[in-house]
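Just so you know, these numbers use all the heavy atoms, side chains as well, and skip hydrogens, waters and symmetry mates.
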Amino acid sequence: MPGNGAQRGQRAQRGQRGPWGRRRAWSRRRQGGQPGQGGRLGSAAASLIAGAVVAALLPLTGGGAAAAGTADGSPKAQVVTDAAVYPVKEGRTARVRISVATTGSAPIDESVTVDYTTEGDGGTATSGEDYRPVRGSATFPAGTASGTSRTVEVVTARGGGAEPAETVPLRLTVSGAEAPAETPRIVIDAHGLPYLDPKLPVRQRVKDLLSRMSLEEKAGQMTQAERNALTSQGDIAAYGLGSLLSGGGSVPTPNTPETWARMVDAFQLRARATRFQIPLVYGVDAVHGHNNVVGSTIMPHNIGLGASRDPRLAGKTGAVTASEVRATGVPWDFAPCLCVSRDERWGRAYESFGEDPALVTAMETVIQGMQGAPSGKDLDRRDKVLTTAKHFVGDGGTEFGSSTTGSYTIDQGVTKVTREELERIHLAPFQEAVDRGVGTVMPSFSSLDILGDGQAPLKMHADGAMIDGVLKDRMGFEGFVISDWQAIDQIPGDYPSDVRTSVNAGVDMIMVPTAYATFHTTLVDEVKAGRISRARIDDAVSRILTAKFRLGLFEKPYADRSNLDRIGSAGHRAVAREAAAKSQVLLKNDGGVLPLKPSQKVYVAGSNADDLGNQTGGWTITWQGSSGRNTQGTTILEGMRKAQSRAGGAAITYSEDASAPTDGYDAGVVVVGETPYAEGVGDVGNGHDLRLSEADQAAVDRVCGAMKCAVLIVSGRPQILGDRLGDIDALVASWLPGTEGDGVADVLYGKRAFTGQLPVTWPRSEAQLPINVGDAAYDPQYPYGWGLTTSTRAPRADGATRAPRADGAERLKELAAEAEAARKEGRADVAKGRAIVTAARLVVQDRVGQKITPAVAKPFAEADHLLLGGDAAGAVRKLTEAYRAAG
C-alpha cells in the first residue's frame, strides 16, 4: 500500500453517557500508588505522561506545544498539560501536571492564572460518587521559568462492582496565556468485567466484550485510519478506532526507535479514554525489516530471500524483523507478500519470493519467524508480531496493460486465469499461510477474471466467493481480513455501496485511511438500514478482538522497550549479512574471475557500488525509497574495501562512471542496476524499463573492455543485457541485498561460496515477457533455478563434499539411484533431497556452460520446481534430461 493521503475525516459526536454510575465507598486514605505497582498508571503510561512527552511528540497532542513569540518579539506563554488522558485505577489518585511554557524557554513576562474544576457536563463519572470533586487555581507570577509546573490531584472512589471506564474532564480556564488545545481527562479504568480477566479463555473474553459493545463501538473496531490523517488525536476515542497505521514514510520526528515507541504509546493512551479501553492494533509495512525506521536492520527484499532457497534463513529474517517491530510498540506487520510474480514488468516483483508457487510456499517459514506457533500462543511475546498474508489473490498475475490506476501499466490490473491456474499458482501459498496460522490476510487491489466462468472481472475487495467462500470457509482462515489502502474506493458504485459490498464480501477491517469519519458513519447507517447484518459485524469484530487478546494488548498495550537496543544490533545485522550473501546468484563465471583475491588490484565502478539507498530499494524509510545514504548500513563498495583491508590487500580504486584510468588492474567489478521504486510507480512502461541506464552501460563497456570483469546487477528484477553478455566474464544477480553490503563482499572474496539460485526466469528480451517455469515455449537467457557456485568441492547427498567426477553421466546415474532409494525407504527429507539435486544441478551447469538452449532450459527449470514439491527423484530425472540435451 502507498504512503499518506491528504483527505481529512470529520469528527463524530461523542456517545451518550451510559447508566453505569453507582454509589461508592470512599477510601479512608488517599491511594497514590507507584508506577508498575498497582498505582494510578502502569509504568509505560507513567513514563509517557511524565515530562510532557506527548506534547513534545505530535502537534495533534492535547497538551499542545510552546507558543510562538508575539508581534513585538516578546515570548508568548502557553499553558500545557503533560498529557490529554490520565488513566487511573479505581480508588487511586490521578495527578495532572500543568505547566507554563514559552518559546526558547524564556521566563514568562506576565502573570498567568489557571482556574481548574472537575465540575460540569461532558464526563461519564459521577461527582461525589466516582471521584472527589476538585476546584482551585494555580498562579504563575511574572518571571516564572518556562517549564514550571503545578500538580492537580483528583482522588477517585473505591467501589465494589464491575464497570466500564468512566471519564472526568478537568476544565481549565487560563488568563495571561494560551490555554491547552484540549481539556485533559481523567479516566477511571474499567474493572471487574470478565473480558479483562487474562485467566479466561480468549473465546470467552471475546464473547463477553462483544456482548457489551454498541454498534458504534463495533464499527470503530472495524475502522483503520492513517496516523497523519487524524484531525485530532481525540478522534481515537471519539470513534473508538480499532487500528492506526503508518503508511510508507509516515514516521515520527525524529525517526528513531525510541520516538516510534513513544508515538505508538501516545496513541494507545488515547484508546484508554474509551468505555471498554480496547487497545489499538498498530500496523506497519515492515516488508524487509522494520524498513520505515532509520537505523533498523534492512533485509534483502523477498526476491533475494527466494534466491537463497533457504527456508530456515527466511524464518530467521522474520524473527529479526518481528523483534525490531515489536520493540517500537508496533504489534502488527503487513507482511509477508505471498504473491507469485509472473511478469517482471510488475513494479512489485521484488516483493515476491519468486515465480514458482512451490518456492513461495517453501519460504513461508517467515510467518513462524515473525508470529511464532501456528496456534497464536506466542503472539503476546515481546519479539513477535501479527502477520499479514498479502495480496489475496492473484496480484502477481495481472496482465500487462490491464491496470486502470493512474499511469500504472500492470499493478492493480486484471489477473486472467483458468480455475486450475488460480488454484495451482495463486491460491496454493495462501492455504499454506492459513495452515501456518497467519493472523491476517489482505485482499489485492487487482481484479480476478476466471476464464470460462462467464463472469466479468471482479475487484478482489468485492469478491465474496473468494474471501468468504474460499479463504474463510474452505481454507478455514480464522484471523481477520484487512483491506488495502483506500481499496474499497475502487469498487464500482457509490461510497455506501463500496462499504456494504466489501464488508459483506468478508472484509473485517477497512484501511480507510483518511475518511475514517465518513466510513464509520456509513457503516453504522448500512447496518441500521439492514443492508449489512449485525451477525456479519459481530463476526468481523470477534475476529479483530481475538487477535488483540492473543497479542496481549489488553494487559500490555504499551511498548515493551526491552528490545530497543537490539534494533540494528550486530546480531541482527549478522542475519541480514548472511541473507545478503546467500541471495547472490552467480550466473556466469568464465575464467574463474570470482572469487576475488585480496592480493588483486581491483577497479570498482557503477552507480550502485556505493549507494545504500539503491541497494535497499523501495519500501526503505519512505514508500518509494531513495538513492543515497538514507539509513545506517554498509554499501557493497564499503564491504569490499573492508574485505581487502582485513586481508592486507591492495587499496580499491573506485570511479562511479569509470572515468578514472583503467590500466594496471587485475580485475574490475561494475555494480549497476535500478534505482528505488515501489508498487505501480515502478511498472515497466510507467517511466521504467528493464535496460541498464546509459551511464551504467558505458561503465560496463569501459571496464569490461579493459580488464577481466564481474558485473553485479542490483535490482528488483532481471535486467535485459542484450549483446553485452559476451563481454562480461562474471555476472551476478545481486537483487536488493539490504543494508549489509558486507554480505555481498563475503561471496565476492570467497568468505562464503555463491549458492543462490534464480527465483525467477532471466529473459533474453522484453518481448519474451511473461516467461515462467513450466511454459510450453521456454528459451530464457538463464532458466529458473540457475546458479553457479564458487565452492571448490561439490556437495554429496550425505552432506559431505568430494571433488566432482569427470564423467557427469555416471555421476547423474549415481545421484538418481540415491534419490530413488531414499524415496522408496521413506527417508528423502528436505535437506537430503536438496543435497542430491544440488549435486546433480552442478554437474549439468558444468556441462552446459553458457550454451543454454530451450531443450536444456525447460527441464532444468522444472527440476527445481519438482524439488520444491518434494520430488527429488523427479528433479534428478529432469536434470539428466537437460544434461543429455546439452550434447
*Asks:* Please find the pair of heavy atoms, one from Ala559 and one from Asp265, that lie closest to each other, and give the distance.
*Replies:* N-OD1, 2.7 Å
*Asks:* Is the closest side-chain donor-acceptor distance between Thr440 and Thr388 under 3.5 Å?
*Replies:* yes
*Asks:* Does the Thr118 side chain pair with the main chain of Pro133, one donor and one acceptor, at a distance under 3.5 Å?
*Replies:* no
*Asks:* Residues two or more places apart in sequence or in another chain: which of them pass ring-ring contact (aromatic ring centres under 6.0 Å, His included) with His290?
*Replies:* Trp260
*Asks:* For Asn292 versus Asn255, what's the shortest heavy-atom pair and its separation?
*Replies:* O-ND2, 2.9 Å
*Asks:* Taking all non-hydrogen atoms of both residues into account, name the closest pair between Trp619 and Gly248 and its distance.
*Replies:* CZ3-CA, 3.8 Å
*Asks:* For Asp611 and Asn614, indicate whether the former's side chain and the latter's backbone hold a donor-acceptor pair under 3.5 Å.
*Replies:* yes
*Asks:* Taking atom types as modelled, find out whether Glu226 and Trp485 have a side-chain donor-acceptor pair closer than 3.5 angstrom.
*Replies:* no
*Asks:* Could you work out, with side chain to side chain donor-acceptor pair (under 3.5 Å) as the rule, every residue matching Thr139, not counting sequence neighbours?
*Replies:* none
*Asks:* Report the residues that fulfil side chain to side chain contact (heavy atoms under 4.5 Å, CB included) with Ser626, sequence neighbours left out, ordered by chain and then residue number.
*Replies:* Asn630
*Asks:* Report yes or no: do Ser105 and Ser146 form a side-chain donor-acceptor pair below 3.5 Å?
*Replies:* no
*Asks:* Could you tell me whether the side chains of Arg95 and Thr151 share a donor-acceptor contact shorter than 3.5 Å?
*Replies:* no
*Asks:* Under the side chain to side chain donor-acceptor pair (under 3.5 Å) test, which residues partner Thr635, sequence neighbours left out?
*Replies:* Asp610, Glu638
*Asks:* What residues, two or more places apart in sequence or in another chain, satisfy ring-ring contact (aromatic ring centres under 6.0 Å, His included) together with Tyr116?
*Replies:* none
*Asks:* Which heavy atom of Ala77 sits nearest a heavy atom of Thr102, and at what distance?
*Replies:* CA-CG2, 3.9 Å
*Asks:* Can you tell me if His288 uses its side chain to pair, donor with acceptor, with the backbone of Gly738 under 3.5 Å?
*Replies:* no
*Asks:* Between side-chain atoms of residues 320-327 and protein atoms elsewhere (two or more places apart, or another chain), which donor-acceptor pairs fall under 3.5 Å?
*Replies:*
residue: Thr321; atom: OG1; partner: Gly289; partner atom: N; Å: 3.4
residue: Thr321; atom: OG1; partner: Thr317; partner atom: O; Å: 3.0
residue: Glu324; atom: OE1; partner: Thr297; partner atom: N; Å: 3.0
residue: Glu324; atom: OE2; partner: Thr297; partner atom: OG1; Å: 2.7
residue: Glu324; atom: OE2; partner: Gly568; partner atom: N; Å: 2.9
residue: Glu324; atom: OE2; partner: His572; partner atom: ND1; Å: 2.7
residue: Arg326; atom: NH1; partner: Leu379; partner atom: O; Å: 2.8
residue: Arg326; atom: NH1; partner: Arg381; partner atom: O; Å: 3.4
residue: Arg326; atom: NH1; partner: Lys384; partner atom: O; Å: 2.6
residue: Arg326; atom: NH2; partner: Leu551; partner atom: O; Å: 2.9

*Asks:* For the residue pair Thr274 and Gln277, confirm or rule out a side-chain donor-acceptor distance under 3.5 Å.
*Replies:* no
